[in-house]
Amino acid sequence: HYPLRRQRQMCIRDRPWGQRLLGGRAAAGGLGRDREAANVQGLAEALAFRDKLEARHGPCGARFVAGSLQQAIDAAKAELRLLLVYVHADEAAEALAPSHADDTAHFVSSVLTTPAVRALLDEHFALWAADLAQPLGLRVARMLRLADGPALAVLAYGELVGAEHSELRVIERLPRARCGSADGVAAALAAVVERTTAMVVAARAERSEREMARLIRADQDAELRASLAADQAAEAAEEAARRKAAADAVSYTHLRAHET
(Lines give C-alpha, C1' and ligand atoms only; values in the text may rest on other atoms or scores of the structure.)
Protein backbone atom coordinates (compact mmCIF):
# COMPACT_ATOMS: atom_id res chain seq x y z
CA HIS A 1 0.00 0.00 0.00
CA TYR A 2 1.05 3.59 -0.51
CA PRO A 3 2.34 5.40 2.57
CA LEU A 4 -0.10 7.94 3.99
CA ARG A 5 1.90 10.91 2.70
CA ARG A 6 1.93 9.36 -0.78
CA GLN A 7 -1.83 8.77 -0.60
CA ARG A 8 -2.40 12.43 0.29
CA GLN A 9 -0.21 13.51 -2.62
CA MET A 10 -2.27 11.30 -4.93
CA CYS A 11 -5.49 12.86 -3.66
CA ILE A 12 -4.22 16.40 -4.19
CA ARG A 13 -2.81 15.67 -7.64
CA ASP A 14 -5.91 13.80 -8.78
CA ARG A 15 -8.38 16.36 -7.45
CA PRO A 16 -8.97 18.29 -10.72
CA TRP A 17 -9.72 15.26 -12.87
CA GLY A 18 -13.19 14.64 -11.43
CA GLN A 19 -15.01 17.27 -13.48
CA ARG A 20 -12.98 16.51 -16.62
CA LEU A 21 -13.90 12.86 -16.33
CA LEU A 22 -17.59 13.73 -16.19
CA GLY A 23 -17.39 16.03 -19.17
CA GLY A 24 -16.82 19.31 -17.36
CA ARG A 25 -19.13 21.45 -15.28
CA ALA A 26 -22.18 20.72 -17.43
CA ALA A 27 -22.11 16.98 -16.75
CA ALA A 28 -20.99 17.34 -13.15
CA GLY A 29 -23.62 19.97 -12.44
CA GLY A 30 -26.36 17.97 -14.10
CA LEU A 31 -27.63 20.22 -16.88
CA GLY A 32 -30.95 18.60 -17.77
CA ARG A 33 -30.78 17.14 -21.24
CA ASP A 34 -27.00 16.58 -21.31
CA ARG A 35 -27.07 14.62 -18.08
CA GLU A 36 -30.17 12.67 -19.08
CA ALA A 37 -28.55 11.67 -22.38
CA ALA A 38 -25.36 10.63 -20.56
CA ASN A 39 -27.39 8.55 -18.11
CA VAL A 40 -29.28 6.82 -20.93
CA GLN A 41 -26.03 6.04 -22.72
CA GLY A 42 -24.43 4.89 -19.47
CA LEU A 43 -27.33 2.55 -18.73
CA ALA A 44 -27.15 1.07 -22.24
CA GLU A 45 -23.39 0.47 -21.93
CA ALA A 46 -23.79 -0.99 -18.42
CA LEU A 47 -26.44 -3.45 -19.56
CA ALA A 48 -24.35 -4.41 -22.60
CA PHE A 49 -21.36 -5.00 -20.32
CA ARG A 50 -23.41 -7.17 -17.96
CA ASP A 51 -24.67 -9.31 -20.84
CA LYS A 52 -21.18 -9.64 -22.31
CA LEU A 53 -19.67 -10.50 -18.93
CA GLU A 54 -22.18 -13.28 -18.30
CA ALA A 55 -21.90 -14.60 -21.86
CA ARG A 56 -18.11 -14.85 -21.72
CA HIS A 57 -17.48 -15.69 -18.07
CA GLY A 58 -20.79 -16.78 -16.59
CA PRO A 59 -22.54 -15.11 -13.62
CA CYS A 60 -20.02 -13.66 -11.19
CA GLY A 61 -22.55 -12.38 -8.66
CA ALA A 62 -21.00 -8.92 -8.42
CA ARG A 63 -23.59 -6.14 -8.22
CA PHE A 64 -22.50 -3.44 -10.63
CA VAL A 65 -24.29 -0.10 -10.68
CA ALA A 66 -26.40 -0.17 -13.86
CA GLY A 67 -25.96 3.34 -15.18
CA SER A 68 -23.52 6.07 -16.06
CA LEU A 69 -20.45 6.95 -14.05
CA GLN A 70 -22.30 9.97 -12.66
CA GLN A 71 -25.13 7.70 -11.50
CA ALA A 72 -22.59 5.43 -9.81
CA ILE A 73 -21.04 8.45 -8.10
CA ASP A 74 -24.49 9.61 -7.00
CA ALA A 75 -25.29 6.13 -5.65
CA ALA A 76 -22.04 6.00 -3.68
CA LYS A 77 -22.56 9.47 -2.28
CA ALA A 78 -26.20 8.79 -1.37
CA GLU A 79 -25.22 5.72 0.67
CA LEU A 80 -21.88 7.14 1.86
CA ARG A 81 -19.98 4.30 0.26
CA LEU A 82 -16.65 4.21 -1.48
CA LEU A 83 -16.82 3.94 -5.26
CA LEU A 84 -14.89 1.02 -6.74
CA VAL A 85 -14.21 1.26 -10.45
CA TYR A 86 -13.39 -2.06 -12.11
CA VAL A 87 -11.41 -1.70 -15.34
CA HIS A 88 -12.45 -4.64 -17.51
CA ALA A 89 -10.53 -5.91 -20.53
CA ASP A 90 -11.67 -8.66 -22.86
CA GLU A 91 -11.23 -7.61 -26.47
CA ALA A 92 -8.62 -5.04 -25.48
CA ALA A 93 -6.68 -7.61 -23.46
CA GLU A 94 -6.68 -10.14 -26.29
CA ALA A 95 -5.30 -7.48 -28.61
CA LEU A 96 -2.41 -6.86 -26.21
CA ALA A 97 -1.54 -10.43 -25.25
CA PRO A 98 -3.38 -13.71 -24.64
CA SER A 99 -2.08 -13.74 -21.06
CA HIS A 100 -3.91 -10.49 -20.36
CA ALA A 101 -7.18 -12.07 -21.45
CA ASP A 102 -6.40 -14.99 -19.14
CA ASP A 103 -5.92 -12.50 -16.31
CA THR A 104 -9.39 -11.08 -16.94
CA ALA A 105 -11.00 -14.52 -16.95
CA HIS A 106 -9.20 -15.43 -13.73
CA PHE A 107 -10.21 -12.17 -12.05
CA VAL A 108 -13.89 -12.53 -12.94
CA SER A 109 -14.15 -16.21 -12.04
CA SER A 110 -11.72 -16.45 -9.11
CA VAL A 111 -11.49 -13.01 -7.51
CA LEU A 112 -14.85 -11.28 -7.82
CA THR A 113 -16.66 -14.45 -6.81
CA THR A 114 -14.74 -15.16 -3.59
CA PRO A 115 -16.73 -14.69 -0.35
CA ALA A 116 -14.18 -12.31 1.19
CA VAL A 117 -14.17 -9.96 -1.81
CA ARG A 118 -17.94 -10.19 -2.28
CA ALA A 119 -18.57 -9.37 1.39
CA LEU A 120 -16.39 -6.26 1.20
CA LEU A 121 -18.03 -5.10 -2.02
CA ASP A 122 -21.56 -5.62 -0.74
CA GLU A 123 -20.97 -3.81 2.56
CA HIS A 124 -18.66 -0.94 1.71
CA PHE A 125 -18.53 -0.19 -2.02
CA ALA A 126 -20.61 0.90 -4.97
CA LEU A 127 -19.17 -1.06 -7.90
CA TRP A 128 -19.00 0.34 -11.44
CA ALA A 129 -17.35 -1.19 -14.50
CA ALA A 130 -15.18 0.69 -16.97
CA ASP A 131 -15.17 -1.54 -20.05
CA LEU A 132 -12.12 -0.85 -22.21
CA ALA A 133 -14.15 -1.90 -25.25
CA GLN A 134 -16.39 1.16 -24.71
CA PRO A 135 -15.26 4.76 -25.34
CA LEU A 136 -16.30 5.91 -21.86
CA GLY A 137 -14.63 2.95 -20.18
CA LEU A 138 -11.39 3.59 -22.05
CA ARG A 139 -11.51 7.26 -21.15
CA VAL A 140 -12.11 6.52 -17.47
CA ALA A 141 -9.26 4.00 -17.37
CA ARG A 142 -6.87 6.51 -18.89
CA MET A 143 -7.91 9.22 -16.48
CA LEU A 144 -7.34 6.78 -13.61
CA ARG A 145 -3.90 5.95 -15.07
CA LEU A 146 -4.76 2.26 -15.37
CA ALA A 147 -3.53 1.26 -18.80
CA ASP A 148 -5.04 -2.22 -18.95
CA GLY A 149 -7.25 -4.59 -17.02
CA PRO A 150 -8.23 -6.20 -14.89
CA ALA A 151 -7.59 -3.33 -12.52
CA LEU A 152 -9.34 -1.50 -9.70
CA ALA A 153 -9.49 2.06 -8.43
CA VAL A 154 -11.13 3.24 -5.21
CA LEU A 155 -12.66 6.70 -5.30
CA ALA A 156 -14.18 8.74 -2.50
CA TYR A 157 -15.61 12.13 -1.78
CA GLY A 158 -13.61 14.42 0.46
CA GLU A 159 -15.93 13.92 3.44
CA LEU A 160 -15.01 10.22 3.48
CA VAL A 161 -11.28 10.86 3.62
CA GLY A 162 -11.23 13.73 6.08
CA ALA A 163 -10.93 16.54 3.53
CA GLU A 164 -12.79 19.82 3.68
CA HIS A 165 -13.96 19.71 0.09
CA SER A 166 -16.33 17.17 -1.44
CA GLU A 167 -14.29 16.71 -4.64
CA LEU A 168 -14.14 13.14 -5.90
CA ARG A 169 -10.64 11.70 -5.63
CA VAL A 170 -8.66 8.49 -6.06
CA ILE A 171 -7.50 6.97 -2.78
CA GLU A 172 -6.18 3.61 -4.02
CA ARG A 173 -5.21 1.92 -7.27
CA LEU A 174 -4.79 -1.77 -7.91
CA PRO A 175 -3.25 -2.27 -11.36
CA ARG A 176 -3.35 -5.59 -13.18
CA ALA A 177 -0.26 -6.84 -11.37
CA ARG A 178 -2.07 -6.53 -8.02
CA CYS A 179 -5.36 -8.11 -9.11
CA GLY A 180 -4.20 -11.69 -9.61
CA SER A 181 -4.85 -12.91 -6.07
CA ALA A 182 -8.21 -12.94 -4.35
CA ASP A 183 -6.47 -12.72 -0.98
CA GLY A 184 -4.40 -9.78 -2.15
CA VAL A 185 -7.41 -7.89 -3.51
CA ALA A 186 -9.41 -8.59 -0.35
CA ALA A 187 -6.53 -7.40 1.82
CA ALA A 188 -6.10 -4.22 -0.21
CA LEU A 189 -9.81 -3.39 -0.09
CA ALA A 190 -9.98 -4.21 3.63
CA ALA A 191 -7.06 -1.83 4.25
CA VAL A 192 -8.90 0.95 2.39
CA VAL A 193 -12.03 0.30 4.45
CA GLU A 194 -10.03 0.31 7.67
CA ARG A 195 -8.40 3.67 7.05
CA THR A 196 -11.69 5.29 5.99
CA THR A 197 -14.08 3.66 8.49
CA ALA A 198 -13.83 6.37 11.15
CA MET A 199 -14.55 9.13 8.65
CA VAL A 200 -17.40 7.17 7.04
CA VAL A 201 -18.96 6.64 10.48
CA ALA A 202 -18.53 10.34 11.29
CA ALA A 203 -20.05 11.36 7.94
CA ARG A 204 -23.02 9.06 8.49
CA ALA A 205 -23.53 10.42 12.01
CA GLU A 206 -23.38 14.00 10.71
CA ARG A 207 -25.83 13.17 7.93
CA SER A 208 -28.14 11.49 10.45
CA GLU A 209 -28.01 14.59 12.66
CA ARG A 210 -28.82 16.81 9.69
CA GLU A 211 -31.74 14.56 8.76
CA MET A 212 -33.00 14.58 12.35
CA ALA A 213 -32.76 18.37 12.45
CA ARG A 214 -34.61 18.55 9.13
CA LEU A 215 -37.40 16.32 10.46
CA ILE A 216 -37.68 18.40 13.63
CA ARG A 217 -37.91 21.59 11.57
CA ALA A 218 -40.49 19.96 9.32
CA ASP A 219 -42.58 18.94 12.37
CA GLN A 220 -42.30 22.43 13.83
CA ASP A 221 -43.28 23.99 10.51
CA ALA A 222 -46.25 21.61 10.26
CA GLU A 223 -47.35 22.49 13.80
CA LEU A 224 -47.00 26.20 13.04
CA ARG A 225 -49.03 25.86 9.84
CA ALA A 226 -51.71 23.89 11.70
CA SER A 227 -51.82 26.54 14.45
CA LEU A 228 -52.08 29.35 11.90
CA ALA A 229 -54.81 27.49 10.05
CA ALA A 230 -56.74 26.98 13.31
CA ASP A 231 -56.38 30.67 14.19
CA GLN A 232 -57.53 31.69 10.73
CA ALA A 233 -60.50 29.31 10.96
CA ALA A 234 -61.44 30.73 14.39
CA GLU A 235 -61.15 34.30 13.11
CA ALA A 236 -63.27 33.41 10.09
CA ALA A 237 -65.90 31.82 12.34
CA GLU A 238 -65.96 34.91 14.59
CA GLU A 239 -66.25 37.19 11.59
CA ALA A 240 -69.10 35.08 10.19
CA ALA A 241 -70.84 35.21 13.60
CA ARG A 242 -70.45 39.00 13.75
CA ARG A 243 -71.85 39.42 10.26
CA LYS A 244 -74.77 37.15 11.06
CA ALA A 245 -75.49 39.06 14.26
CA ALA A 246 -75.34 42.34 12.35
CA ALA A 247 -77.63 41.00 9.65
CA ASP A 248 -80.06 39.69 12.25
CA ALA A 249 -80.08 43.09 13.98
CA VAL A 250 -80.85 44.86 10.72
CA SER A 251 -83.65 42.40 9.96
CA TYR A 252 -85.12 42.88 13.42
CA THR A 253 -85.00 46.66 13.05
CA HIS A 254 -86.77 46.48 9.69
CA LEU A 255 -89.38 44.13 11.10
CA ARG A 256 -90.10 46.46 14.07
CA ALA A 257 -90.32 49.41 11.76
CA HIS A 258 -92.79 47.57 9.54
CA GLU A 259 -94.96 46.60 12.50
CA THR A 260 -95.22 50.15 13.70
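Sequence positions, counted from 1, serve as the residue numbers for this chain.
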Requested in this report: For Thr197, check side-chain contact (heavy atoms from CB on, under 4.5 Å) against everything at least two apart and list the hits.
Outcome: Val193, Val201
State, to 0.1 Å, how close [X] and [Y] come at their nearest heavy-atom pair, and which atoms those are.
{"X": "Lys52", "Y": "Ala133", "value": "NZ-CB, 3.8 Å"}
{"X": "Ala46", "Y": "Ala66", "value": "CB-CA, 3.9 Å"}
{"X": "Phe49", "Y": "Ala129", "value": "CE2-CB, 3.3 Å"}
{"X": "Gly149", "Y": "Leu132", "value": "N-CD1, 3.9 Å"}
{"X": "Ser109", "Y": "Ala105", "value": "OG-O, 2.7 Å"}
{"X": "Val111", "Y": "Ala182", "value": "CG2-N, 4.0 Å"}

Minimum side-chain heavy-atom gap [X]-[Y] below 4.5 Å:
{"X": "Arg169", "Y": "Leu155", "value": "no"}
{"X": "Val185", "Y": "Leu120", "value": "no"}
{"X": "Ile171", "Y": "Leu82", "value": "yes"}
{"X": "Val140", "Y": "Val85", "value": "yes"}
{"X": "Arg145", "Y": "Arg173", "value": "yes"}
{"X": "Arg176", "Y": "Thr104", "value": "no"}

Requested in this report: Using the test ring pair (Phe, Tyr, Trp, His ring centres under 6.0 Å), find all partners of Phe107 that sit at least two apart in sequence or belong to another chain.
Outcome: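 Ring pair (Phe, Tyr, Trp, His ring centres under 6.0 Å) list for Phe107, sorted by chain: Tyr86.
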Query raised in the report: How would you list, by chain and number, every residue that makes a ring pair (Phe, Tyr, Trp, His ring centres under 6.0 Å) with Phe125, sequence neighbours excluded?
Result: none
**Report entry** With sequence neighbours excluded, residues passing side chain to side chain donor-acceptor pair (under 3.5 Å) with Gln134
**Finding:** none
**Report entry** Those residues that, when tested against Glu239, pass side chain to side chain donor-acceptor pair (under 3.5 Å) (two or more places apart)
**Finding:** Arg242, Arg243
Query raised in the report: Any sub-3.5 Å donor-acceptor pair from Trp128's side-chain atoms to Gly67's backbone N or O?
Result: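 Pair found, side chain donor or acceptor close to backbone of Gly67.
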Report task. Please check if the side chain of Glu79 supplies one atom and the backbone of Ala76 the other of a donor-acceptor pair under 3.5 Å. Result ->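 Checking the backbone N and O of Ala76 against the side chain of Glu79, no donor-acceptor pair under 3.5 Å is found.
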Report task. Show your working on side-chain contact (heavy atoms from CB on, under 4.5 Å) between Leu189 and Leu121 and close with a plain yes or no. Result -> CA-CA 9 Å; Leu189 295 181; Leu121 295 181; 4.2 Å; yes
How long is the gap from [atom1] on [X] to [atom2] on [Y], to the nearest 0.5 Å?
{"X": "Leu228", "Y": "Glu235", "atom1": "CG", "atom2": "CD", "result": "9.5 Å"}
{"X": "Glu172", "Y": "Arg195", "atom1": "CD", "atom2": "CZ", "result": "5.0 Å"}
{"X": "His106", "Y": "Ser181", "atom1": "NE2", "atom2": "OG", "result": "7.0 Å"}
{"X": "Leu146", "Y": "Leu152", "atom1": "CG", "atom2": "CG", "result": "8.5 Å"}
{"X": "Leu53", "Y": "Asp131", "atom1": "CG", "atom2": "CG", "result": "9.0 Å"}
{"X": "Glu45", "Y": "Leu69", "atom1": "CD", "atom2": "CG", "result": "11.0 Å"}

Query raised in the report: For Arg63, what residues pass the salt bridge (Lys or Arg N to Asp or Glu O under 4.0 Å) criterion, not counting sequence neighbours?
Result: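 For Arg63 the salt bridge (Lys or Arg N to Asp or Glu O under 4.0 Å) partners, ignoring immediate neighbours, are Asp122.
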Query raised in the report: Given the rule in the side-chain contact (heavy atoms from CB on, under 4.5 Å) test, do Val170 and Val154 qualify, once you have shown the distances and angles that lead to the verdict?
Result: CA-CA 6 Å; Val170 180; Val154 182; over 6 Å; no
